[in-house]
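Report on the following structure.
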Protein chains: 2
Amino acid sequence: MALRHAVLAALLDEELSGYQLAKSFDLGVANFWHALPQQLYAELAKLEADGLVAGREVVQESRPNKRLFKVTDEGLAELERFAAASAKPSMLRDDLAVKVQSSDLVDTAPVIAQLRERATFARAKIELFESLLLKFRKGLGEEEFLRGGERIGPYLTCLGGLVFEQGYLEWCERIAGILEARKSGGRHE
Amino acid sequence: MALRHAVLAALLDEELSGYQLAKSFDLGVANFWHALPQQLYAELAKLEADGLVAGREVVQESRPNKRLFKVTDEGLAELERFAAASAKPSMLRDDLAVKVQSSDLVDTAPVIAQLRERATFARAKIELFESLLLKFRKGLGEEEFLRGGERIGPYLTCLGGLVFEQGYLEWCERIAGILEARKSGGRHE
DNA sequence: TCATGGTACTCAAGAATCTGACTATTCCTA
DNA sequence: TAGGAATAGTCAGATTCTTGAGTACCATGA
């Protein structure tokens, strides 16, 4: 019952279609919540049935019509309750770390390759987040924006995504280097 | 189908019972994989049926008997295949970040409290990880251990858990401070 | 001595999630 | 002028995960 709150939080700033929501769960919101498009469509339908979001049809000329959803007052009240309730510990699942954990007993070459790939991905995300942060604060300095800005929620989570990706990037590079060194340099002295 | 690999990876270093495995998924392995005890018991049963782990009964005097599991050669081969296959992007789900995302439109007091709570938790984890790292390298310097140690996999993932928790801790403290300042200091100038 | 907490599991039901396919239109490119 | 990518979804089925309860035994402290 928590995907619903992630969806509500994502819809706070703009009216979005299911399709756009799915995009944003692949980029921005993906920093702290993962979900597939099918789930989002299903969740939007449930949220609408429960009156927490309101949808409206938008007819388009040059592409298929879409339904835009916005959070209702009831939806906001639900978020309010959610924020006040105690949070579950965050949950992480990382294939790559499982591979690193096994890395002495398993061929490291593909693991190193995947670490490098993930590092490249992290660099792209970092760039994206940095440009998003700039966009959010529209020319204001960070201090000033965080003190006086109207809407800082997305900025703060973006900041979180940034530190996460920076940490992950450093880790990937370091681990790849270590495993590489052990492969080429003789291990046991 | 990936919990199985996390379980195999966790059993590489020691024979564990389902109960001990559950403990380790609550502490060490929890850095990169989340699972409940019930899932682990179920997964162990499946892994044994598939011949990827072997269990043996250990009779105990002063407490209930237990079954210890270790990875078979087939299990290791399965991990090998897994490590060579391309990894799925890691998946994160964080209630607290959802609340921070909504924080301009929702009462921040409980969110701040939860950030502080999470920070305390992170500090405990960091201490735990640091002592684990020390234990892993048994007196050796880090450089030396990482170059020549027999088994560095768990050390590397523990290092990952450490940087993650450090990043999370800093984020929590910073965000709590920012939200606090906005609450007390008048927002709009 | 009685409650509490740790060890060691098991079971069932229901909710959530993932896999994989499928429809339909338009724009852009080769 | 056909093929592919992007927009905008839908559906069914299988698997996985969570919730909540329950069993049993021993040790420790009040």
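To find a chain, count down the sequence lines: A is the first, B the second, and so on, and within it residues start at 1. These numbers were taken from a predicted model, which means no experiment stands behind them.
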| said: Atom CD of residue position B/Glu143 - does it have more than 12 heavy atoms of other residues, nucleotides or ligands inside 6.0 Å? | reply: no

| task | Would you kindly check whether a donor in the side chain of A/Gln38 faces an acceptor in the base of C/dG20, or vice versa, at under 3.5 angstrom? | result | yes

| query | From the list C/dT7, D/dT10, D/dA6, which nucleotide is the closest neighbour of the side chain of A/Tyr19? | reply | D/dA6

Within the pair [X] and [N], is there a side-chain N or O less than 4.0 Å away from OP1 or OP2?
{"X": "B/His34", "N": "D/dC17", "value": "no"}
{"X": "B/Ser17", "N": "C/dT7", "value": "no"}
{"X": "A/Arg93", "N": "D/dC17", "value": "yes"}
{"X": "B/Lys23", "N": "C/dT7", "value": "yes"}

Starting from [atom2] on [N], measure out to [atom1] on [X] and report it in whole angstrom.
{"X": "B/Met1", "N": "D/dC17", "atom1": "CE", "atom2": "C1'", "answer": "15 Å"}
{"X": "B/Asp26", "N": "C/dT7", "atom1": "CG", "atom2": "P", "answer": "12 Å"}
{"X": "B/Leu16", "N": "C/dC9", "atom1": "CG", "atom2": "C1'", "answer": "15 Å"}
{"X": "B/Gln20", "N": "C/dA8", "atom1": "CD", "atom2": "P", "answer": "6 Å"}
{"X": "B/Glu43", "N": "D/dC17", "atom1": "CD", "atom2": "P", "answer": "8 Å"}
{"X": "B/Leu36", "N": "C/dA16", "atom1": "CG", "atom2": "P", "answer": "15 Å"}
{"X": "A/Leu40", "N": "D/dC11", "atom1": "CG", "atom2": "P", "answer": "16 Å"}

| task | Check every strand shown and say whether A/Arg4 touches a base, only sugar-phosphate, or nothing at a heavy-atom separation below 4.0 Å. | result | nothing

| message | Need one value for A/Gln39: base, sugar-phosphate or nothing, where a base atom within 4.0 Å counts as base even if backbone is also close, heavy atoms only. | response | sugar-phosphate

Is there a side-chain contact between [X] and [Y] (heavy atoms, below 4.5 Å)?
{"X": "B/Glu78", "Y": "B/His5", "result": "yes"}
{"X": "A/Asp95", "Y": "B/Ser90", "result": "no"}
{"X": "A/Gln20", "Y": "A/Lys66", "result": "yes"}

| Quick one: on DNA chain C, does B/Tyr41 or A/Trp33 contact a more 5' nucleotide (nearest heavy atom)? | B/Tyr41

| remark: Assert: residue with more 5' nearest nucleotide on DNA chain C, out of B/Phe69 and A/Leu3, is B/Phe69

| said: If I compare all heavy atoms of B/Val106 with all of A/Glu80, which pair ends up nearest, and what's the gap? | reply: CA-OE1, 3.6 Å

| said: Within 45 degrees of the ring normal and closer than 6.0 Å to the centroid, is that where the cationic atom of A/Arg118 sits relative to A/Tyr168? | reply: yes

| note | The correct set of residues in residues 46-67 of chain B placing a heavy atom under 4.0 Å from DNA chain C is B/Gln60, B/Arg63, B/Pro64, B/Asn65, B/Lys66, B/Arg67

| task | Please answer whether the main-chain N or O of A/Phe32 pairs with a side-chain N or O of B/Arg93 as donor and acceptor at a distance below 3.5 Å. | result | no

